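Shown next, in structure tokens, is the structure this report addresses.
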Amino acid sequence: MIRPDAPVLLEIKDLHARVEDKAILKGVNLTVRAGEIHAVMGRNGSGKSTLSKVLAGHPAYTVTAGVVTYRGQDLLALDPELRARIGVFLGFQYPVEIPGVSNLEFLRVATNARRAEQGAEELDTFAFEDLVRERLKVVQMDPAFLDRSVNEGFSGGEKKRNEILQMALLEPLVAILDETDSGLDIDALRIVAGGVNQLANADNATVLITHYQRLLDAITPDYVHVMAAGRILRTGGKELALDLEERGYDWVDQELAAQAPVPLEVA
Amino acid sequence: MSTAQAVGDLVSQPYKYGFVTDIETEKIAKGLSEDVVRLISSKKQEPPFLLEFRLRAYRQWLQMQEPDWATLGYPPIDYQDIIYYAAPKQQDKKTSLDEVDPKLLETFDKLGIPLSEQKRLSNVAVDAVFDSVSIATTYKEKLAEHGVIFCSISEAVKEYPPLIERYLGTVVPITDNYFAALNSAVFSDGSFVFIPKGVDCPMELSTYFRINSGDTGQFERTLIVAEEGASVSYLEGCTAPMFDTNQLHAAVVELVALDDASIKYSTVQNWYAGDENGVGGIYNFVTKRGQCRGDRSKISWTQVETGSAITWKYPSCVLQGAESVGEFYSVALTNHRQQADTGTKMIHVGPRTRSTIVSKGISAGRSANSYRGLVQMGPKAVGAKNYSQCDSMLIGDQAAANTYPYIRSQQPQAAVEHEASTCRISEDQLFYLQSRGIGFEEAVSMMVSGFCRDVFNQLPMEFAAEADKLLALKLEGSVG
Ligand SMILES: Nc1ncnc2c1ncn2[C@@H]1O[C@H](COP(=O)(O)OP(=O)(O)O)[C@@H](O)[C@H]1O
Ligand SMILES: [Mg+2]
């Protein structure tokens, strides 16, 4: 829902980032207000996951220029755990497995870290069990997953549901969901999309990174951004996604070639 | 800061127990000879049988070679440059704690082992060993009411010579290996535990070893005997100050379990490990062995090895009695330049004997961590079973982990099962936890304690949390 007077949650200005010596983000601009749902689309390798990881603070990426403010605060100055505690959430494209660490315990520690930041009381194991059982419904997940190690042996779809479960527990203000739809069958997609819709409200915002229109059929975006070569090339409404679906990305290449002041490889 | 650096710093926390107690110490001159062996024995006013034992061991040692089969590298040890006896100056062992030098009590206080009546742990009896001597043993009287003997081995030599003569050196003979022979010749102090027939020891027993002198070797000797149907849980802890020289620690521990007896022996080893460049630290060459002499007896070793520059240690079980059970649960953590070669031997002699080995090695920095284990099924071990699981965790990309499982079977109707795995704490795993609001240190410690859970679950309750904390502390600064 677009409300011009809604508070700005996330503001990205001219963000540049590299990994090792390779420049990947080359000037990303994006403003996200409360209540909005954004979709970021683009070819493989255009820098979508990099953007999400830079926002979450992954140590492999170095920001070389630009500013990111989250509710007026310099987000890039914060350690990853602090970003999470104040309400920034990244749903990973490839959630890692963490053998030996109990999923339930992990969820509890994470939830309490966020609660402590919000001044809410710490939940003991019993109180947390009640909460997690309620939130499991959001993603229709079997409680048996709580007793396993974090993501260990989970199928692709189960991992994605576990991500949304974490989102449901942490109640972030800005959720960036990186290809949450990839690898899901129709039923799982419906469940995950249903979860995201349930969690979206007027006070928070969602940034969906996706390749496919099918996710956007289930979650209607307010804005669609097309990313290419480390920048947001074009922004439109939900019809831009349909347009992409129809015409493919070739026009993106042409536009890029026309815009580029220097050959792309040299950038 | 990169993750590698951050984890590095995490593992490299300063050693908390590195202080030296300034106390007047009586030391003998450096070097080892027959005269030194005689001097130690006379200082301890030992009966002739024990002097004989020491001399036989010394002569044996002279003919032996230091073992070199372990995956360990260190400069040659100069055995003539070590002091073999050092004791804080005080008259004979005090009968009451009030008479113990307050500096010593304070030292143990600082180590988290309060000994005084008011502060001591309520459910753990402690024998505190400082350099070569035991300075105090708590709850002796209370234990005596149950017929349990818990005292220093020096005291036991005087008070219960027949028991010592009967059991000492019967599990680890003086000929066993180079370091065991050396220990048998010069052992200083250690603990003696005797649990009579049918008695379930009413409290945890614990010995805390503190090395204080910089040029002294520590050669402690522990003997635990559980008679028919008796049971006991015993815990050993160790720390040492930080010196830039290496100190030799060569201990021998012998356990004897008769029919239906059970002994649980846990160790939390936190000797000084040397600095990040490998300067200083304890050389820990230890022989620990338990003999399940009786039918249905059980011996269980649990060790958490975090300290020492070098660890050479293989707590073992000889499973003689029918249906006897041996267990070995180990966490060995190495960082910086530490080297550990540790594991176990399960020698199945009797029928239907069973053994379980769970080993978790964690290597960080430029350390090397090897598991070395032997499972032997003798000709009479019909229906015997072993299960072994050896897991390694690597932190960073400069650490090494090795697994050397040896299996020897002379019994076709015995089953041996071995599983092994290696994993690495990855930057992505840590980032995943961090991106959920979990701090870096907590993330590392969650992963490490998850990895070690099967072993920590075996530790006595009071110490499991300690062990968890200790690992987290040792890992400060190491992942990447
Ligand atoms: N950790 C990394 N190391 C090296 N190259 C990387 C790394 N992460 C991303 N890249 C490169 O950056 C570019 C953008 O990748 P990514 O952000 O994953 O794109 P997308 O998510 O849009 O497919 C690709 O060329 C990819 O190979
Ligand atoms: Mg991607």
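Here the structure is a predicted model, which is why all the values come from computation and not from measurement. Every heavy atom of this structure was used, including side-chain atoms; hydrogens, water molecules and symmetry mates were not. Letters go in sequence order (proteins before strands), and every chain restarts at 1.
- Between P80(A) and R436(B) the shortest side-chain heavy-atom distance does not fall below 4.5 Å.
- G57(A) approaches F431(B) most closely through the heavy-atom pair C-CE1, 3.5 Å.
- The parts of I98(A) that come within reach of chain B are both its backbone and its side chain, each placing non-hydrogen atoms under 4.5 angstrom from that chain.
- Between Y432(B) and Q166(A), the shortest heavy-atom contact is OH-NE2, 2.9 Å.
- R33(A) CZ: more than 12 foreign heavy atoms inside a 6.0 Å radius.
- The two residues A84(A) and S435(B) make their nearest non-hydrogen contact at CB-O, 3.2 Å.
- In this structure, V101(A) and M447(B) approach most closely via the heavy-atom pair CG2-CA, 3.8 Å.
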Exercise for review: With side chain to side chain contact (heavy atoms under 4.5 Å, CB included) as the test, would you mind laying out the steps for E81(A) and I438(B) before giving the verdict?
Suggested key: CA-CA 6 Å; E81(A) 57 268 32; I438(B) 299 169; 5.9 Å; no
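- Here A110(A) is the residue among A110(A), S149(A), A113(A) with the most heavy-atom pairs under 4.5 Å with chain B.
- The number of heavy-atom neighbours closer than 6.0 Å to NZ of K298(B), taken from other residues, nucleotides and ligands shown, is 12 or below.
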Cut-off 3.5 Å, no hydrogens considered: what does the side-chain donor-acceptor table look like for residues 88-97 of chain A, sequence neighbours left out?
unit_1	atom_1	unit_2	atom_2	d
Q93(A)	OE1	S49(A)	OG	2.8
E97(A)	OE2	K159(A)	NZ	3.2

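- The neighbour count for E121(A) CD, taken as heavy atoms of other residues, nucleotides or ligands under 6.0 Å away, does not exceed 12.
- Across N151(A), I86(A), L107(A), the residue that shares the most heavy-atom pairs under 4.5 angstrom with chain B is N151(A).
- Residue contact with chain B, scored on non-hydrogen atoms closer than 4.5 Å, is absent for D79(A).
- The NE2 atom of H58(A) sits 4.0 Å away from the CG atom of D428(B) when rounded to the nearest 0.5 Å.
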